[in-house]
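Sequence positions, counted from 1, serve as the residue numbers for this chain. Values in this document were obtained by computation on a predicted structure and should not be read as measured data.
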Amino acid sequence: MKIILVLCSLFPLLLFGQSAMIHIEGRQRTSLNGLWEVIIDPFDAGSGDWAAYYKDRKPLGNTDFVESSFEGGHQLYVPGDFNSQLPELNYYESSIWYKRPFKIQTKQDNRFFIHFAAVNYKAEVYLNGVKIGEHEGGFTPFQFEVTDHVKIGENSLIVKSNNQRIKDGIPGLGFDWFNYGGITRDVELVQTPKTYIRDYFIQLSQQDENIINGYVSLDGPKKNKRLQYAFPN
């Protein structure tokens, strides 16, 4: 059987609208699921400079005032919609801010990505007070590379999830559809080598069953690597 494979590299990852990393289950990953601390933001004020929930401010003294804080507040399970976890959120359609700390033991020569299987409907992602990116679409996975933003030791991941209906969203303004919001699917910290397989495709040729067509897309500084393939009998 003849094997034809094409190797290609990818363009640099974009801050907004990244396509999902494939074959997550086969990569080195750490689950970030579990209880997350949250701030309920009905007026969607936390992205601005005044409230700035993404900065995770804490009082510095007895006279320092911080109106909302993650500490000592509500907690919600991830993955899971927020509507069914607290009675007061049953019909809630606005923003919830999630916070999850995690630790990095060593960076070595690895790259790091935060992968979301789904957030409904709009998501803003912050790491250690820096905006990493945003995503729109409640049923599609996405990730952001955070290699330059993670640090050895404690890291703080903050995610804003907003399920407010919009004219050209799903569901739209005129749909009688219960609009569950929140981080509804798994969140994982993914580690890869400096150069990794970003995408691949393989199938039998439609013209000749003795030929396998496919390609491998590499991302990283060493795109001219020698690759080996193993096909079980």
Side-chain angles (χ1 to χ4, degrees), residues 12-18 21 29-79 82 94-137 141-164 181-192:
L13 300 180
L14 301 177
L15 177 64
F16 300 97
Q18 295 181 17
M21 181 183 290
R29 55 207 169 106
T30 301
S31 174
L32 299 180
N33 294 342
L35 275 174
W36 291 47
E37 298 175 307
V38 301
I39 295 175
I40 301 171
D41 186 11
F43 300 108
D44 198 19
S47 296
D49 291 334
W50 180 73
Y53 296 149
Y54 60 92
K55 293 183 178 180
D56 192 18
R57 291 173 175 155
K58 299 177 178 62
L60 300 178
N62 294 333
T63 60
D64 192 16
F65 175 73
V66 175
E67 183 172 0
S68 297
S69 174
F70 288 99
E71 295 181 359
H74 291 293
Q75 293 182 317
L76 294 175
Y77 281 101
V78 172
F82 53 64
S94 191
S95 293
I96 298 283
W97 292 80
Y98 292 77
K99 176 188 173 183
R100 171 67 153 83
F102 65 91
K103 290 184 178 181
I104 296 290
Q105 300 297 333
T106 178
K107 294 180 69 170
Q108 296 180 340
D109 291 327
N110 291 331
R111 295 169 67 177
F112 293 84
F113 300 81
I114 302 291
H115 181 271
F116 298 85
V119 178
N120 195 34
Y121 175 74
K122 288 185 176 181
E124 294 179 10
V125 181
Y126 301 82
L127 183 63
N128 299 326
V130 176
K131 186 174 184 179
I132 304 300
E134 58 186 48
H135 179 265
E136 179 177 338
F142 61 97
Q143 81 283 324
F144 299 106
E145 182 166 5
V146 294
T147 305
D148 295 333
H149 301 283
V150 293
K151 56 187 180 182
I152 302 299
E154 190 83 6
N155 293 266
S156 177
L157 175 63
I158 292 177
V159 179
K160 172 188 170 183
S161 170
N162 184 292
N163 69 331
Q164 187 171 3
I183 305 177
T184 55
R185 297 179 184 169
D186 295 332
V187 183
E188 295 176 304
L189 175 68
V190 179
Q191 297 183 52
T192 71

**Message:** What verdict does the side chain to side chain contact (heavy atoms under 4.5 Å, CB included) test give for Val38 and Phe82, after you've listed the backbone C-alpha separation in whole Å, the side-chain angles of each residue and the deciding distance to 0.1 Å?
**Reply:** CA-CA 10 Å; Val38 301; Phe82 53 64; over 6 Å; no
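- Taking 4.5 Å as the limit, every side-chain heavy atom of Asn162 sits out of range of all side-chain heavy atoms of Tyr121.
- Pairing each heavy atom of Ile132 with each of Val146, the nearest pair is CG2-CG1, 3.9 Å.
- Side-chain atoms of Asp41 come within 3.5 Å of backbone N or O of Gly46 as a donor-acceptor pair.
- A donor-acceptor distance shorter than 3.5 angstrom exists from the side chain of Gln143 to the backbone of Met21, with no hydrogens or angles considered.
- At distances below 3.5 Å, not a single donor-acceptor pair connects side-chain atoms of Asp44 with backbone N or O atoms of Pro42.
- Listed here is the closest heavy atom pair of Glu136 and Lys122: OE1-CE, 3.7 Å.
- Closest heavy-atom contact between Phe43 and Ser94: N-OG, 4.4 Å.
- By the 4.5 Å heavy-atom criterion applied to side chains, His74 and Ile40 are counted as neighbours.
- Across all their heavy atoms, Ser161 and Gly181 have their closest contact at OG-C, 4.5 Å.
- Residue Ile39 holds its CD1 atom at 11.5 Å from OG of Ser95, rounded to the nearest 0.5 Å.
- The minimum heavy-atom distance linking Thr147 with Phe112 is given by the pair OG1-N, 2.9 Å.
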**Request:** Quick one: do Arg100 and Val187 satisfy side chain to side chain contact (heavy atoms under 4.5 Å, CB included)? Show the steps, please.
**Result:** CA-CA 10 Å; Arg100 171 67 153 83; Val187 183; over 6 Å; no
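- Side chain of Asn128 to main chain of Ser156: a donor-acceptor pair is present (N/O by atom type, distance under 3.5 Å, no hydrogens or angles).
- Inspection of the Glu71 and Ser69 side chains reveals no N or O donor paired with an N or O acceptor under 3.5 Å.
- Rounding to the nearest 0.5 Å gives a distance of 12.5 Å between NE2 of His149 and CG of Leu157.
- In this structure, Lys107 places its NZ atom where more than 12 heavy-atom neighbours from other residues, nucleotides or ligands lie under 6.0 Å away.
- Across Ala51 and Arg57, no two heavy atoms sit closer than the pair O-NH1, 3.6 Å.
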**Message:** Applying side chain to side chain contact (heavy atoms under 4.5 Å, CB included) to Leu189 and Ile104, what does each step give before you reach the verdict?
**Reply:** CA-CA 10 Å; Leu189 175 68; Ile104 296 290; 3.5 Å; yes
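- Note: Lys160 NZ to Tyr53 OH = 11.0 Å, rounded to the nearest 0.5 Å.
- With rounding to the nearest 0.5 angstrom, the CZ atom of Phe102 is 6.5 Å from the CG atom of Leu32.
- Side-chain contact annotation: Asn163 with Asn120, donor-acceptor N/O pair under 3.5 Å absent.
- Interatomic distance, Ile114 CD1 to Tyr126 OH, rounded to the nearest 0.5 Å: 15.5 Å.
- Ring geometry for Tyr98 against Trp36 counts as perpendicular: the plane angle is over 60°, on a 0 to 90° scale with 30° as the lower cut.
- Between atom NZ of residue Lys103 and atom OG1 of residue Thr30 there is a gap of 13.5 Å, rounded to the nearest 0.5 Å.
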**Request:** Apply side chain to side chain contact (heavy atoms under 4.5 Å, CB included) to the pair Trp97 and Phe70, showing each step before the final yes or no.
**Result:** CA-CA 9 Å; Trp97 292 80; Phe70 288 99; 3.9 Å; yes
